[in-house]
Amino acid sequence: MEVKARAPGKIILAGEHAVVHGSTAVAAAIDLYTYVTLRRPLQSAAENNDRLITLQLKDLSLEFSWSVARLKEVIPSVSSTSSLSTPASCSGETLKSISVLVEEQNIPEEKIWLSSGISTFLWLYTSIRGFNPATVIITTELPYGSGLGSSAAFCVALTAALIASSSSDKTRGEGWTCLDETNLELLNKWAFEGEKIIHGKPSGIDNTVSAYGNMIKFCSGEITRLQSNMPLRMLITNTKVGRNTKALVSGVSERTVRHPDAMNSVFNAVDSISKELASIIQSKDEISVTEKEESIKELMEINQGLLQSMGVSHSSIDTVIRTTLKHKLTSKLTGAGGGGCVLTLLPTLVSGTLVDKVVEELESSGFQCFTASIGGNGAEICF
């Protein structure tokens with residue numbers, strides 16, 4: 001039996017960094033996906049004494065396998081599939097045990113950053129499917145570690161495939177099928193547990209956007225799902241510059257301590273931008289798409305200026321902004337900043353020829369570009 005699942009990446013449209021200080025942020029799904037294929041062996045193979053759980057990372061040409069016997073030996077207290085409906089956190093003790101299994105795989109030194117993701121795979125797999133053998137194949141359209149929610153998309157797509165393969169209701173439809181509300185809620189909770197293994201204390205924004213799709217508004221721990229009433233397209237430029245998110249967040253906090261009044265004014269301004277952006281996106285007023293896009297363009301421009309005042313921009317981001325501005329396109333960083341990715345609004349009236357020209361210029365600077373539709377579907381499965 002084979003089941004496939006996919007989950008989208010995400011962007012932050014407004015509110016990064018300020019959200020840590022109580023402001024509102026707006027995030028959205030993008031139509032760049034992580035795909036998971038789960039293949040269960042034939043019965044005769046499953047009964048073989050050498051039963052395996054295998055993880056294939058196709059994009060990285062890596063494969064890892066564990067015998068069921070070894071997994072049972074190291075993780076004896078793993079939850080059974082009967083607890084599928086009750087997502088649980090991975091204890092520190094269990095994580096240490098799982099780390100031993102990961103270390104035994106002799107991951108190449110340059111790929112050691114994969115360790116937390118592989119630990120997450122083992123935890124989610126054994127918690128949801130128990131020790132039943134299968135091969136899980138991962139492919140992705142999302143660049144790793146660029147602020148586009150690649151880890152959340154991995155957790156969500158993996159969980160969707162695991163839940164679907166464990167369910168007795170395997171309705172076969174044509175193409176990709178969205179999960180119902182009950183399964184999405186369960187899926188999101190499990191994916192959040194996976195994100196905790198990878199990130200320690202995630203906000204829940206990334207996995208929620210990836211699971212449910214469309215857009216969300218986030219403020220002080222409260223997540224509100226939004227419904228977009230307008231098409232929105234972005235050029236996403238990956239500067240390929242790595243950044244230390246923790247250091248960038250700390251830098252903003254330190255600046256806030258030094259200049260509390262000024263920085264609080266910045267955070268209040270960002271809060272207003274996020275709320276206005278959410279209002280425009282959801283608006284059903286008889287305002288033309290072009291007018292809405294013009295307002296979004298101005299809000300992005302103001303938001304970028306505020307992010308620069310927080311000290312989280314970077315010369316690579318400035319290069320993208322200057323390049324797109326030459327063609328009268330507006331850009332802002334998305335995520336932590338200090339490198340990472342930059343968003344450029346692509347109005348509906350902009351020509352494909354112009355976009356191609358901008359992409360050519362950006363890629364000549366060593367950047368990686370994607371065009372993406374904003375606010376699409378969340379997790380989907382296919383049997």
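With a 6.0 Å radius and a threshold of 12 heavy atoms from other residues, nucleotides or ligands, Lys196 has its NZ atom above the threshold. Within 6.0 Å of CD in Glu93 there are 12 or fewer heavy atoms belonging to other residues, nucleotides or ligands.
Counting all heavy atoms, side chain and backbone alike, Ala28 lies closest to Gly375 at CB-N, 4.4 Å. Considering every non-hydrogen atom in both Leu124 and Cys155, the closest pair reads CD1-O, 4.3 Å. Pairing each heavy atom of Asn207 with each of Ala152, the nearest pair is N-CB, 3.7 Å. Between Trp190 and Thr86 the shortest heavy-atom distance is CZ2-O, 4.0 Å. Residues Phe131 and Ile75 share a closest heavy-atom pair of CZ-O, 3.4 Å. Here the closest non-hydrogen pair linking Val270 and Gly15 is CG1-CA, 3.5 Å.
For the residue pair His199 and Ser151, a side-chain donor N or O sits within less than 3.5 Å of a side-chain acceptor on the partner. Under the 3.5 Å distance criterion, with hydrogens and angles disregarded, a donor-acceptor pair is assigned to the side chains of Thr24 and Asp271. Side-chain contact annotation: Arg129 with Ser165, donor-acceptor N/O pair under 3.5 Å present.
Using a 4.5 Å heavy-atom cutoff, the side chains of Thr344 and Val358 are not in contact. Between Arg225 and Asn214, every side-chain heavy-atom pair lies at or beyond the 4.5 Å cut-off. In this structure, the side chains of Leu235 and Leu362 come closer than 4.5 Å at one or more pairs of heavy atoms. Between Arg70 and Val100, the closest side-chain pair of non-hydrogen atoms falls below 4.5 Å. Two residues are said to be in side-chain contact when any heavy atoms from C-beta on lie closer than 4.5 Å; Leu142 and Ile30 meet this criterion. Counting heavy atoms from C-beta on, the side chains of Leu345 and Leu329 never come closer than 4.5 Å. Counting heavy atoms from C-beta outward, Asn183 and Leu187 have side chains that stay 4.5 Å or more apart. Proximity of Val312 to Glu16: side-chain heavy atoms (C-beta onward) are nowhere separated by under 4.5 Å.
Under a hydrophobic clustering in which Ile, Leu, Val, Met, Phe, Trp and Tyr are joined whenever their side-chain heavy atoms come within less than 4.5 Å, directly or via other members, Ile198 and Ile12 fall into different clusters. Ile205 is not connected to Leu333 by any chain of hydrophobic side-chain contacts under 4.5 Å among Ile, Leu, Val, Met, Phe, Trp and Tyr, and they are in different clusters. No single ILVMFWY cluster, assembled from side-chain heavy atoms under 4.5 Å apart, contains both Leu232 and Tyr33. Grouping the Ile, Leu, Val, Met, Phe, Trp and Tyr side chains by contacts below 4.5 angstrom, directly or via other members, places Phe218 apart from Val252. If you chain together hydrophobic residues whose side chains sit under 4.5 Å apart, Val36 and Leu32 never meet in one group.
Under the 3.5 Å distance criterion, the side-chain polar atoms of Asp180 are matched with a main-chain donor or acceptor of Thr182. Asn238 places no side-chain N or O within donor-acceptor distance of the main-chain N or O of Gln368, the cut-off being under 3.5 Å. In this structure a side-chain-to-backbone donor-acceptor pair under 3.5 Å is present from Ser210 to Pro8. Side chain of Gln105 to backbone of Ser65: a donor-acceptor contact under 3.5 angstrom is found. Although no hydrogens or angles enter the test, the distance criterion places a donor-acceptor pair under 3.5 Å between the side chain of Ser166 and the main chain of Leu162. Remark: side-chain polar atoms of Thr323 are paired, donor with acceptor, to backbone N or O of Thr319 under 3.5 angstrom. The backbone N or O of Ile280 sits nowhere less than 3.5 Å from a side-chain atom of Ser283 that would complete a donor-acceptor pair. The main-chain N or O of Cys382 is never found under 3.5 Å from a side-chain atom of Thr177 such that the two would form a donor-acceptor pair. Side chain of Glu301 to backbone of Thr330: no donor-acceptor contact under 3.5 angstrom is found. Judged purely by atom type and a 3.5 angstrom limit, Asn268 uses its side chain to pair as donor or acceptor with the backbone of Asn264.
Between atom OG1 of residue Thr135 and atom CD of residue Glu63 there is a gap of 7.0 Å, rounded to the nearest 0.5 Å. Between the CD atom in Glu104 and the CG atom in Asn106 there is a gap of 9.0 Å [rounded to 0.5 Å]. To the nearest 0.5 Å, the span separating CG on Leu226 from CE on Met215 amounts to 7.5 Å. One distance of note links OG of Ser115 with CD of Glu103; it measures 8.0 Å at 0.5 Å rounding. Expressed to the nearest 0.5 Å, how far CD1 of Ile374 lies from CD1 of Ile236 amounts to 5.5 Å. Asn132 CG to Ile53 CD1: the interatomic distance, rounded to the nearest 0.5 Å, is 7.5 Å.
With sequence neighbours excluded, no residue forms a side-chain contact (heavy atoms from CB on, under 4.5 Å) with Leu325. Qualifying salt bridge (Lys or Arg N to Asp or Glu O under 4.0 Å) partners for Glu380, counting only residues two or more places apart in sequence or in other chains: Arg6.
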Test side-chain contact (heavy atoms from CB on, under 4.5 Å) on His17 and Leu248; report intermediate values, then the result. CA-CA 9 Å; His17 286 288; Leu248 288 160; 4.0 Å; yes
Test log, rule side-chain contact (heavy atoms from CB on, under 4.5 Å), inputs Ile273 and Leu306: CA-CA 10 Å; Ile273 288 169; Leu306 293 168; 3.6 Å; yes
Before you tell me yes or no, could you show the steps for Leu114 and Leu60 under side-chain contact (heavy atoms from CB on, under 4.5 Å), namely the whole-Å CA-CA distance, both residues' side-chain angles and the distance that decides it to 0.1 Å? CA-CA 10 Å; Leu114 288 168; Leu60 300 174; 3.7 Å; yes
Output, in order, the C-alpha distance, side-chain angles, deciding distance and verdict of side-chain contact (heavy atoms from CB on, under 4.5 Å) for Leu13 and Met234. CA-CA 10 Å; Leu13 284 168; Met234 295 278 180; 3.7 Å; yes
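Checked for salt-bridge contact, Glu360 and Lys357 miss the test: no charged N lies under 4.0 Å from a carboxylate O. Between Glu185 and Lys189 a salt bridge is recorded (basic side-chain N to carboxylate O distance below 4.0 Å).
Relative ring orientation between His21 and Phe267 is described as parallel, the plane-to-plane angle staying below 30° on a 0-90° scale split at 30° and 60°.
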